[in-house]
Amino acid sequence: VEPIKYRSGPLSQTGICCDILAHSSLCLTAAMFPSARRPPDAGGSAQLPPNFLKHADEQTVAGLAAVGHAIADFALARVPFRDWGIVAAPCFLGRATLARALEEFAREGPWGLSPHFIPHRSQHAVSGTISLALKIHGPNFGTGGGPTSVGEGLMAAAVLLSDHRLPGLWLVLTGWDPELIPNKDGTPSSGNACMAVALALTGHRPGSSKPRLRVAAAPDSEPAHCKPAEPTLADFTRVVSQLPFSQGGGIAVAWRCSGGGWIEIRSGHRESLLPKPHSLQRLTGKTAAHCQGAGTERKQ
Amino acid sequence: VNRGMPIWITGVGAVTPLGDSYQSIAGSLLGGRSGVRQVSGFDVSQHPSQIAAQVSRVPCPSGWDETEFSKLQKLEQMILWGCVAALQDSGWWEARAQTRLGIVLGLGAEWLTVWDEDTAGGGSRLHTPEQGTEPLVRIACRKLQLSGPSLSIAAACASGNYALAQARRWLELGWVDACLAGACDASVKPMGLAGFGNLRALSRRNHEPQAASRPFDRGRDGFVMGEGGVVFLLEPAQSARQRQAHVYAEVAGCGASSDAHHMVIPSPDSEPAIAAMRSAFADAQVEPDHVDYVNAHATGTPVGDIAETRVLEAVFGPHLRSVPVSSTKSMTGHCLTAAAAVEALACLVAMEHRAIPPTINLDDPDPQCNLCHVPNQARPHVVRVAVSNSFGFGGSNTCLVLKTV
């Protein structure tokens, strides 16, 4: 379902509004993970140990890479993330690893299960790992988990920012495209790509010309422009990869939320942003590619 | 946004190792009864830990088809039972479809649990991505005819407190008129027991299950897995007053932080957990000397209980000597994702019954956990302000403040 683009009107003044300080989107194929598991320089914090991502799920690896790109591309390396929060919404996390773990359990019994399985395949694993990488001491939690992850992630993040206790918040959305059919050894097949979107959000500052996220979950506040569907990760990735998509700002893309309400991304002024993301190869090698135009994810 | 609007708990639905109603759980908590047994339902002979506090059976809500309900996975049963009971208890059941009613549930590993149980039953959902993709909170919305937003939250053992905080905020924002919030966990399965066992987090006191969960005791050797689900109905005070609803407590404050230290090991730095508690106190506008009871996270691990003691010492200072602290995990086991919600319920029990649920098996208090313990027997005590700590894997620290109304 294509999101609808429209010139936003007065209805968009309702709901929770956040400025998008930085953003990044990427896809990693199976071949890219060995290099992607080398931890990125995630900003001004101490260097991460080489094995930091050794046991992490592929979605965690992709999510952290997307955060690293956003930091690099929008020159946030000196921003102290200590008091920020992080919300991550992985989709069907750990499917492949569970398949392998069940095989090992059947073969070897309880001792065959890795002690890393639960910490790194539970729904909080992505947010927890990124909080370690960035030395974030604010809230961290996972949300979603299934096909509604994007909408749930956006809603949870906006709500967390809305009470003005946090200076900023990372929102990380991840998932496979197409969804994995696990091999017995738990590795993704060559046809799958792991997508990740990272948004650095702050409370909206009046007069800011940055792109904006607006979320309103009240059923009676939905604008007529909304398509009756929640965003898929592919939809959302496409929109984020095009930010800012107008010189003058004021163009919005809106999706419907669960239970009514809506999610809107509104473009900002191009001049408010540094150059578009460019540094993917620094982190993931020549084979990495932005997800611009990605859209093969199965629609739910 | 109505930031100062009090949000009250007016309904409770629960299924835990200690019972499947508020009253039965209250009786067990105040009676100091343990829900820990030898694990049943699967072979544990090869597991290092062979004990847990299990929910043997989730009751079918009245009016539902028992045969159909029995076919559902245990986690879904817990959610539905908890939601229905909370709606009925609060008086919202009949009006639920005509109300903007949302749901926020702590579900720590929803899909792993669902796929694991499905595979064990001969299903193929793990290997068939297009099969069975509806999230449990959406299933609950559909089956209960709820029309508001839905959300699942995962912060390991802190999930329930995050869920309550999120629901409270939805109500303040006017997104919903009432909201179900809580957490459920059904992880006592071969993979769960093996996973935590191999982390060396579990007690191996297999020969005496009911004595195995012993927070703050010198003889503690790890936590005991538990399972269950607790769901609360939250609504604005004004709405509850208009309906003349029974009120359990006000959700007065929530605080959260992250250790940024390790995915599993508690941080040697107490500051993040201290910050979470202070943030919750500030949110609730209470001072440490206002607190009448602390339901500690205390799981019974050698390191974690001491770390929490350091946090409480820093937050309460000299007042700590007079604030009763107990860990109800000694009775319920560690209900993991559901733990924070189960322990919020324990706080409601303390408030309503004017008695502190004890830490059972506290026979030889660890001198490094020098607190105002409530060992083995409930203690009469008026509780107007209760605090519940819940920390979790991923470095999560949360604190919930509940006040009597």
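Since the structure is predicted, the reported quantities are computational estimates derived from the model, not experimental observations. Residue numbering restarts at 1 for every chain, and letters A, B, ... go by the order of the sequence lines.
- Within a 6.0 Å radius of CZ in B:Arg142, other residues, nucleotides and ligands contribute more than 12 heavy atoms.
- Across all non-hydrogen atoms, the minimal contact from B:Pro129 to A:Glu179 is CB-CG, 3.5 Å.
- Of the charged side-chain nitrogens involved, none lies within less than 4.0 Å of a carboxylate oxygen, so that B:Glu271 and A:Arg82 do not count as a salt-bridged pair.
- Note that the CE atom of B:Met263 and the CD1 atom of A:Ile118 stand 12.0 Å from one another [nearest 0.5 Å].
- The closest donor-acceptor contact from the side chain of A:Arg165 to the backbone of B:Asp283 lies at 3.5 Å or more, if one exists at all.
- Rounded to the nearest 0.5 Å, atoms OG1 (B:Thr119) and CG (A:Leu102) are 5.5 Å apart.
- There is no contact between B:Asn397 and chain A, counting heavy-atom distances below 4.5 Å.
- Most heavy-atom pairs under 4.5 Å with chain B: of the set A:Pro110, A:Pro115, A:Ala89, A:Gly128, this distinction falls to A:Pro110.
- Contacts of B:Pro190 with chain A are made by both backbone and side-chain atoms, with heavy-atom separations under 4.5 Å.
- Considering only heavy-atom pairs separated by less than 4.5 Å from chain B, the leading option among A:Pro119, A:Ala88, A:Gly153 is A:Pro119.
- Interface remark: B:Phe393 contributes backbone and side-chain atoms alike to the contact with chain A (heavy atom separation under 4.5 Å).
- In this structure, A:Thr143 OG1 and B:Leu151 CG are separated by 4.0 Å, a value rounded to the nearest 0.5 Å.
- Among all heavy-atom pairs drawn from A:Ile181 and B:His127, the shortest one is CG2-O, 3.8 Å.
- Considering only heavy atoms from C-beta on, B:Ser396 stays 4.5 Å or farther from A:Pro139 through its side chain.
- Residue pairs meeting the side chain to side chain donor-acceptor pair (under 3.5 Å) criterion with at least one member in residues 118-129 of chain A, sequence neighbours excluded, are A:Asp57-A:Arg121, A:Thr97-A:Arg121, A:Ser127-A:Asn140.
- A:Ala125 touches chain B through backbone and side chain together, each having a heavy atom under 4.5 Å away.
- Every residue meeting the ring-ring contact (aromatic ring centres under 6.0 Å, His included) condition with B:His334, not counting sequence neighbours, appears here in chain and number order: B:Phe223, B:His297.
- Separation of atoms CG (A:Leu160) and OH (B:Tyr162) is listed at 7.5 Å; rounding is to 0.5 Å.
- Of the listed residues (A:Gly138, A:Gly109, A:Ser131, A:Gly85), the greatest number of heavy-atom pairs within a distance under 4.5 Å of chain B belongs to A:Gly138.
- In this structure, B:Ser152 and A:Glu152 approach most closely via the heavy-atom pair N-OE1, 2.9 Å.
- B:Trp170 and A:Met155 get closest at one heavy-atom pair: CZ2-CE, 3.9 Å.
- The environment of B:Gln285 atom CD is sparse: at most 12 non-hydrogen atoms of other residues, nucleotides or ligands sit within 6.0 angstrom.
- The shortest non-hydrogen separation linking B:Leu126 to A:Ala99 is CD2-CA, 3.8 Å.
- Contact annotation for A:Leu93: only backbone heavy atoms (N, CA, C, O) come within less than 4.5 Å of a heavy atom of chain B.
- A search for ring-ring contact (aromatic ring centres under 6.0 Å, His included) contacts involving B:His261 returns nothing, not counting sequence neighbours.
- At a 4.5 Å heavy-atom cutoff, the contact between B:Ser279 and chain A is made by backbone and side-chain atoms alike.
- Chain A is approached within less than 4.5 Å, heavy atom to heavy atom, by B:Met191, B:Gly192, B:Ala194, B:Gly195, B:Phe196, B:Asn198, B:Leu199 from residues 191-199 of chain B, ordered by number.
- Note that SG of A:Cys91 and CH2 of B:Trp111 are 8.5 Å apart. Values are rounded to the nearest 0.5 Å.
- For the atom pair OG1 of A:Thr148 and CD of B:Glu134, the computed distance is 9.0 Å after rounding to the nearest 0.5 Å.
- If you tally non-hydrogen atom pairs under 4.5 Å between each of B:Ser258, B:Gly394, B:Ala109 and chain A, the highest count goes to B:Ser258.
- Of all the heavy atoms in B:Ala260 and A:Leu132, the pair that sits closest is C-CD2, 3.3 Å.
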